[in-house]
Participant: 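Dropping a structure here in structure tokens format, bear with me for questions.
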Amino acid sequence: MAVTKYLLILLFIIGLGDLSIGQSREPITIEFEQTPLREALQAIDALPQVKLSYNPTALPSGTVINQSFVQVSIDEILQTLLGDQYELKHIGDYIIIQKTSKQKEKHTYKIKGDIKDAETGEKLTNVTIYEINTLDATLSDEKGEFELEVNAKTELATFAISRKNYQDTIVQLSDLQTLQSDLTLSPNTLSTPDDADTDRLAIEFNRLVRFFTSKKNRKNTENVTEIQDRYFQFSLIPAVGTNMSMGGQVRHKLSFNLLAGYSYGLDEGFELGGVYNINRHNVSGAQIAGFGNTVGGSASGFQMAGFINTSRDYGQIAQIAGFTNIVTDSLSGFQLSGFSNISGKLDGAQISGFSNVAKGRVDGFQLAGFSNHSRSVDGMQLSGVINTTNELEGVQLAGLINVTKILNGTQISVINYADSVASGIQLGLINIVKKNGYIEAGIEHNDLFPVGFTVRSGIHKFYNVFSVNTQFRDKRLWAGGFGFGSQLSLYKNLFATVEARAHYLGKWENPIETFNLLTRLHINLGYQLLNNLSITGGPVINIYIAEETGEGTGQYGYDIAQSPFYNEIEEGQSVQLWLGYEFAIRF
């Protein structure tokens with residue numbers, strides 16, 4: 001290569017194998033004794049894990065190095081040798097050394113030509129060509145041709161040429177401001193595995209991301225793996241802003257998007273978008289958008305959007321959205337939305353107007369207007385209609401139905417269902433336990449009704465009782481009852497039950513329409529004759545409360561009390577207590 005005062009073209013056709021940007025940060029040990037700066041850089045460049053790119057004529061002359069470095073990163077060593085007058089840029093495995101720009105005037109640099117496959121000679125389309133400082137970029141057309149002009153305040157313009165599955169090329173221009181050259185790219189024999197590349201580009205398949213970004217945005221992201229850090233960016237829409245069409249490769253502290261933005265990530269910073277914020281990788285800090293925020297990696301901090309917030313990986317975050325929040329991986333924090341929340345494992349809270357879904361375990365609570373679902377719960381589920389989980393350690397409270405496979409807590413609803421109960425109770429009108437539950441029908445006779453039919457469901461230590469009793473003669477009364485009970489095993493086939501039931505009384509003809517309630521407390525002994533057949537019997541305490549059937553009539557309910565030991569009238573209500581009995585066959 002020729003080097004003159006007015007003409008310098010440094011053309012590096014650089015084969016980049018693994019495109020990782022982390023190798024230069026691996027610590028090394030090296031010693032310099034009376035070593036000129038250029039020789040020191042050559043010694044570093046000779047190390048197997050290091051690749052340097054720099055303009056030798058731009059280095060200070062006469063600088064001699066006397067220093068030892070023990071397990072120090074390459075970046076630290078270079079910055080120590082070069083000082084603040086130089087800065088480092090990472091392109092693939094390479095470290096580009098360039099002078100810190102102090103120019104006030106911009107220089108115009110232009111590069112054009114065509115690009116071919118080095119082995120087949122085939123023209124390559126959709127190759128990304130960009131200047132690493134300004135981020136001006138273009139793509140080669142269907143003929144493999146390209147042309148890029150940039151204005152920069154640097155003494156050296158560095159162009160990177162990148163295409164997926166090909167080794168990168170770097171072209172540096174100085175003084176001569178126009179270069180026309182035909183370039184070739186060699187296939188990358190150490191290309192990124194398909195699954196890793198698919199994971200890296202996963203967010204680009206999101207429909208909302210594709211709507212807000214251009215093909216050029218996404219193609220540049222596919223071709224280029226190098227990431228830059230910049231403090232600030234502003235964009236009107238993706239590709240129209242300070243990062244041009246290379247925004248997907250830049251991480252920021254402050255990001256402002258008038259309509260929509262497309263960046264690599266946010267590093268402990270703040271992002272504000274009029275409509276939509278898109279970050280391909282991790283976000284830490286706060287994001288606020290009129291419509292939505294999308295994060296392709298992990299998210300920590302705070303997200304607020306008028307419609308939707310999404311995070312693909314782990315989230316340690318508070319999300320607030322008008323419609324929905326989604327964390328594909330686990331979430332530590334809370335989600336608040338007008339319609340729905342979705343997460344993997346949840347350590348915190350989900351609150352929504354319609355539904356919450358946690359695909360993993362919930363350590364916390366879910367509150368929804370309609371439904372909650374999770375794999376397991378250590379905490380609470382509250383919904384207007386239905387809660388479902390595989391394992392409950394806590395409380396389910398629903399307006400209609402609770403469902404769990406394993407119950408280690410409390411279910412409260414109209415209908416409660418569990419495959420099995422390890423510990424805990426069900427409180428509801430209908431309680432069903434599939435495996436170790438208790439469901440039993442019975443025919444009974446008691447002191448008031450010669451015939452009754454009962455159904456018990458739940459578990460032995462706590463179950464519901466539905467009963468219907470009737471008289472066929474005499475007063476022709478009937479009673480519908482509901483209550484709770486508990487069964488205790490005493491010895492072998494002997495057991496005891498305690499039940500409390502409340503009954504509404506009526507006549508087959510002309511029922512009384514005033515308040516009329518009979519409560520019966522049952523204490524029974526039972527014997528298990530067969531697996532599905534038992535007999536029970538025992539005393540009953542009857543408590544009958546009735547209002548006066550008509551003003552001044554002196555009649556309270558029905559005349560059913562048999563030798564009451566308590567009989568009083570207070571504030572228009574009659575209260576009577578007496579002892580009775582019950583015998584039953586259960587099956």
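Count residues from 1 along the sequence. In this text, all values refer to a predicted model and were calculated from it rather than measured experimentally. FYI, side chains are in, hydrogens and waters are out, and symmetry mates aren't considered; it's all heavy atoms of this structure.
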Participant: Looking at every non-hydrogen atom in both residues, tell me the closest pair between Q303 and N293 and how far apart they are.
Facilitator: NE2-CB, 3.8 Å

Participant: Go through the side-chain N and O atoms of T389 and S374 and say whether any donor and acceptor fall under 3.5 Å apart.
Facilitator: yes

Participant: Verify, without hydrogens or angle tests, whether N282 (side chain) and S298 (backbone) share a donor-acceptor contact under 3.5 angstrom.
Facilitator: yes

Participant: Among T213, T221, N217, which one satisfies side chain to side chain donor-acceptor pair (under 3.5 Å) with Y262?
Facilitator: T221

Participant: Is it the case that the side chains of N133 and Q98 hold a donor-acceptor pair, with the cut-off being a distance below 3.5 Å and no angle test?
Facilitator: yes

Participant: F484 and F462: aromatic ring centres closer than 6.0 Å?
Facilitator: yes

Participant: Looking only at side-chain N and O atoms, does N257 offer a donor or acceptor that is under 3.5 Å from a partner on S235?
Facilitator: yes

Participant: Taking all non-hydrogen atoms of both residues into account, name the closest pair between D114 and F146 and its distance.
Facilitator: N-CE2, 3.8 Å

Participant: Ignoring hydrogens and geometry, is there a side-chain-to-backbone donor-acceptor pair from S457 to N431 under 3.5 Å?
Facilitator: yes

Participant: For the side chain of Q79 and the backbone of G83, is there at least one donor-acceptor N/O pair under 3.5 Å apart?
Facilitator: yes

Participant: Any salt bridge between D229 and R251, counting N to O under 4.0 Å?
Facilitator: yes

Participant: Distance alone, cut at 3.5 Å: any donor-acceptor contact between the side chains of H373 and N387?
Facilitator: no

Participant: Please evaluate residues N220 and Q249 with respect to the criterion side chain to side chain donor-acceptor pair (under 3.5 Å), reporting the C-alpha separation (whole Å), side-chain torsions for both, the decisive distance (0.1 Å), and the verdict.
Facilitator: CA-CA 9 Å; N220 287 338; Q249 306 307 114; over 6 Å; no

Participant: What's the spacing between I401 CD1 and I430 CD1 if we round to 0.5 Å?
Facilitator: 9.0 Å

Participant: Regarding T125 and E142, do their side chains bring together a donor and an acceptor under 3.5 Å, going by distance alone?
Facilitator: no

